[in-house]
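This report concerns only the one structure given below.
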Amino acid sequence: MDAEGESKNNNHTMRKDLTDTQRRKVQFQLMDTNRMLDIAKHVYFGLVKRRSAYLTDKGLKQLNIKCTGLDLSTGKPSDGSDIFIRPFSISRIREIMAPTPNPEVEELSEPYTFSRWHAAFAIAHRLIDCLTCYRERDPPLICHTDWQTRGVQHAKGERLERRERIDNRGPDWRVDDVLDKMDGLTPHVSCVLIDHAPLRDTQLSNSEIWCIVAITYRRMQLPEYRNHRIIPVTVISVGDRQVRIVQGYIDTEEGCVRARKSPVFDFNRDDPMQVMEILLSWCMGETVGNTKA
């Protein structure tokens, strides 16, 4: 065979190999996506059957949920696995907010006389106000990031609400606001959860894991996210007058949900402005970590 003919043959083989490699990659991505969806459905329907607001150790084992701690200042999980959100600088937040103090945040330390759900609602919506509202001539805090907020489409099937109580004092829990990156491609997503049930330091809430699997399931329906093996979901969890950060994702290799939870803050006890700054730093944080296969 002459040199020109051999070169053409090699190029043809390389193109064929590349096509085969791409085909295998698509097949693996599809398998991984289906595996993630199956795990999300299994955990979701397991949560639907549970009436308790909390997940015991037995419940975690039954649903194959593995939980570790979360450092709020660095975003590092206690088990040494990947960081997915690097919190925004609190000193920078103070610098941005300094010209226009927010007295309404300080008011959150005052006793709340309405229902526990409405107490959580007030804290959650004050957080969103701090993040998105214009302050005199200054742009909103969120404009210093590439995050954006959107309302949850409950009427269009976003399963981020549960109503089973009959006291007519609000739902058991609900998510009103989701934070996405503007590029429409980054898999990281955050939400603000409003729950009537107080948080427990030693237990995850049913609603926190529900948010992680429901958001993951919906995100994996979209083709732009199917080349990711991890969808990091960060939940700013507000229960009664308590708050914490819970972060999680579906691990398709181990067939489980991995969650990280921070310590609980209490607006009856802790400084409201300091707590709000911590929550804002997570809403505005940098997305990091390897999420692709």
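The first residue in the sequence is number 1, and the count goes up from there. Not measured: the values here are computed from a predicted model.
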Measure the spacing between [atom1] of [X] and [atom2] of [Y] and express it to the nearest 0.5 Å.
| X | Y | atom1 | atom2 | answer |
| --- | --- | --- | --- | --- |
| Y217 | E158 | OH | CD | 14.0 Å |
| H118 | D240 | NE2 | CG | 12.5 Å |
| K261 | I209 | NZ | CD1 | 10.5 Å |
| M182 | T186 | CE | OG1 | 11.5 Å |
| K58 | L60 | NZ | CG | 12.5 Å |
| D251 | C256 | CG | SG | 4.5 Å |

Mind checking whether M273 and L127 sit in one hydrophobic cluster, side chains of I, L, V, M, F, W, Y counted as touching below 4.5 Å? yes
Out of curiosity, does L199 fall in the hydrophobic cluster containing L204 (side-chain heavy atoms, cut-off under 4.5 Å, transitive links)? no
Sub-4.5 Å side-chain heavy-atom contact between [X] and [Y]:
| X | Y | value |
| --- | --- | --- |
| M97 | M276 | no |
| T56 | Q203 | yes |
| W173 | H196 | no |
| H188 | T234 | no |
| I231 | M36 | yes |

Of all heavy-atom pairs between [X] and [Y], which one has the smallest distance, and what is that distance?
| X | Y | answer |
| --- | --- | --- |
| I85 | G285 | CG2-CA, 4.0 Å |
| D79 | T68 | N-OG1, 3.4 Å |
| I65 | L55 | CD1-CD1, 4.1 Å |
| W117 | D195 | CD1-C, 4.2 Å |
| R159 | A214 | O-CB, 3.8 Å |
| A197 | Y54 | CB-OH, 3.7 Å |

Within 6.0 angstrom of D201 CG, more than 12 heavy atoms from elsewhere: yes
Return yes when atom CD of Q221 has more than 12 non-hydrogen atoms of other residues, nucleotides or ligands closer than 6.0 Å, and no otherwise. yes
Test: [X] and [Y] ion pair at under 4.0 Å:
| X | Y | answer |
| --- | --- | --- |
| R258 | D82 | no |
| E208 | R244 | yes |
| D129 | R126 | yes |

Please confirm whether the backbone N or O of [Y] pairs with a side-chain atom of [X], one donor and one acceptor, at under 3.5 Å?
| X | Y | result |
| --- | --- | --- |
| R260 | K76 | no |
| W210 | S205 | no |
| R51 | V48 | yes |
| R174 | L160 | no |
| H154 | V175 | yes |

Verdict with reasoning, L131 to L280, per side chain to side chain contact (heavy atoms under 4.5 Å, CB included): CA-CA 7 Å; L131 190 63; L280 288 168; 4.0 Å; yes
Enumerate the side chain to side chain donor-acceptor pair (under 3.5 Å) contacts for residues 272-284, please, sequence neighbours excluded, ordered by first and then second residue. R94-E277
Going through the checks in order, is the side chain to side chain contact (heavy atoms under 4.5 Å, CB included) test met by D180 and R219? CA-CA 11 Å; D180 274 316; R219 218 160 181 73; 2.9 Å; yes
Would S89 and S91 count as having a side-chain donor-acceptor pair, cut-off 3.5 Å? yes
